[in-house]
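Below is one structure; the comments refer to it alone.
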Protein chains: 2
Amino acid sequence: MSHMGYRCLMAVDREQVLRSAAALLTRKSTATMDEVARAAGISRATLHRHFAGRDALVRALESLGIAECEAALKAARTDAGPAADAVRRLVREIEPAAGLLAFLYTENQLFEGEEQNEGWARLDAGLTELFRRGQESGEFRIDLTPTWLTEALYGLLASGAWAVAEGRVARNDFTHMIVELLLGGALRREEP
Amino acid sequence: MSHMGYRCLMAVDREQVLRSAAALLTRKSTATMDEVARAAGISRATLHRHFAGRDALVRALESLGIAECEAALKAARTDAGPAADAVRRLVREIEPAAGLLAFLYTENQLFEGEEQNEGWARLDAGLTELFRRGQESGEFRIDLTPTWLTEALYGLLASGAWAVAEGRVARNDFTHMIVELLLGGALRREEP
DNA sequence: CCCATATGAGACATGTTTGTCTCATGCTGG
DNA sequence: CCAGCATGAGACAAACATGTCTCATATGGG
């Protein structure tokens, strides 16, 4: 049974390693492979047995982040009900992945010419569609393009994740701060 | 006149080198000293004669970014008139430095334990004060803390700079997109 | 014209990270 | 109990960025 033996013998889960790597790289994006390994409680050798190299690790994290975002997108049922409520659900669902997303968001600035993971395009499309739908239904203003709203949501998620990490914003306020700013803005509503 | 001779002989301005370094590092934050030098049209040796090392270069860029932001803060006269208008003026003034700010914003995630440039604290204080003033005057809502609004402004400036750099947002729309989202949010205003 | 000086090119040593390898160990299933 | 396999520890070379050095060159001022 050598073909499936590793399933039982592997002390550390690949998924678990990925999680701790995400947690570490979110805080320190330049962490060494050795640091990543130690953070996962394994040796550098074992880390290399799971991921061919740093590049492969980052790619795996990218896939993980995309998968979590797509899961959040699906769980939020962004095609149902008022777009504003959909945005609220989406941010709430995506919150656990915000740190990882922040890491990937800055890491992507790196991938200049290289091929991007197609998942980002799918995500962008999903988010853009949500904002476009909100515009068509008359909920969202039309002078802010869906593309910009998508980009701004990424930026706010990253800002929020960092602000929480540094203690400048309470973790419990994360969703509220982001959603309220994104949807309502800083200006006080007229209350006639 | 050896004490001032370099002023005339220096072919490249330290300021000019800093500018091109900012432009390059904004696009590729991991650029090599050699790449920075070539981008500035000088050799690595000369670059080292201007800045003792990479660290010194980043610190110089940090000082430049802070100086530009403080100049923008001052030019925008954020203590005068309606806070909303002050924010508009501020973003307009700060726009040219947005790319550099985006670079420094992510670079700062790196400076974990090390001492931060005190300029950031001054900037934060200035921005926070602006938002606080807006809350006191009744213009801004009070459920979004000035600290978070400040953080969100940084994030939106970075997002905007990247979106413009990648062609997802027109450069001319930069200020409008950021200000309108930050102040008004995505929701359409009631127009009774 | 001549000298000073900034510059460019490149060599060199260094430290760091990475990728690969070997070997001993410990645990698990049969 | 034993064989197999994943793991940890560490050695090792290679790649890379960096910092420092020397030397030749050209350019501008006196």
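A, B, ... follow the sequence lines: proteins, then strands. Residue 1 opens every chain.
Of the candidate nucleotides C/dA9, C/dT7, C/dC21, C/dT7 has the atom nearest to the side chain of B/Thr46. The side chain of A/Ala45 lies closest to C/dC21, out of C/dT17, C/dA9, C/dC21. When distances run from any side-chain atom of B/His48 to the nucleotides C/dC21, D/dG19, C/dT17, the shortest one goes to D/dG19.
Computed from coordinates, the A/Gln16 CD to D/dA6 P distance equals 17 Å when rounded to whole Å. Protein atom CZ of A/Arg49 is 15 Å distant from nucleotide atom P of C/dG19, rounded to whole Å. Spacing between atom CE of A/Met33 and atom P of D/dA15 amounts to 18 Å, rounded to whole angstrom units. Rounded to an integer number of Å, the gap from CZ of A/Arg44 to C1' of D/dG8 is 12 Å. Counting to the nearest Å, the C1' atom of C/dT7 and the NE2 atom of B/His50 are 10 Å from each other. As a whole-Å value, the separation of A/Asp55 CG from D/dA15 C1' is 15 Å. Summarising the geometry, the separation between CZ on B/Phe51 and P on D/dT18 is reported as 15 Å, rounded to the nearest angstrom. At whole-Å resolution of the value, CG in B/Asp34 and P in C/dG8 are 12 Å apart.
Between A/Glu129 and A/Arg133 there is no salt bridge, since no side-chain nitrogen of the basic residue lies less than 4.0 Å from a carboxylate oxygen of the acidic one. Ionic pairing of A/Lys28 and A/Glu35 is present here: one or more N-O contacts between side-chain nitrogen and carboxylate oxygen are shorter than 4.0 angstrom.
Annotation for B/Val179 and B/Val87: closest pair CG2-O, 4.4 Å, computed over non-hydrogen atoms. Between A/Gln135 and A/Leu144, the shortest heavy-atom contact is NE2-O, 2.8 Å.
Within the structure, a side-chain polar atom (N or O) of A/Thr32 is placed less than 4.0 Å from OP1 or OP2 of C/dT17.
When atom types are taken as modelled, the side chain of B/Arg89 and the backbone of B/Arg77 share a donor-acceptor pair closer than 3.5 angstrom. At distances below 3.5 Å, not a single donor-acceptor pair connects side-chain atoms of B/Thr78 with backbone N or O atoms of B/Leu130.
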Convert the base pairs of DNA chain C into dot-bracket notation, remembering that pairs crossing earlier ones are written with [ ] and that bases paired across to another strand are shown as |; include only Watson-Crick or G-U pairs under 3.5 Å.
||||||||||||||||||||||||||||||
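Between A/Trp148 and A/Phe131, the gap from one ring centroid to the other reaches at least 6.0 Å.
Residues A/Leu47 and B/Arg54 each lie close to DNA chain D; by heavy-atom proximity, the contact nearer the 5' end of the strand is made by A/Leu47.
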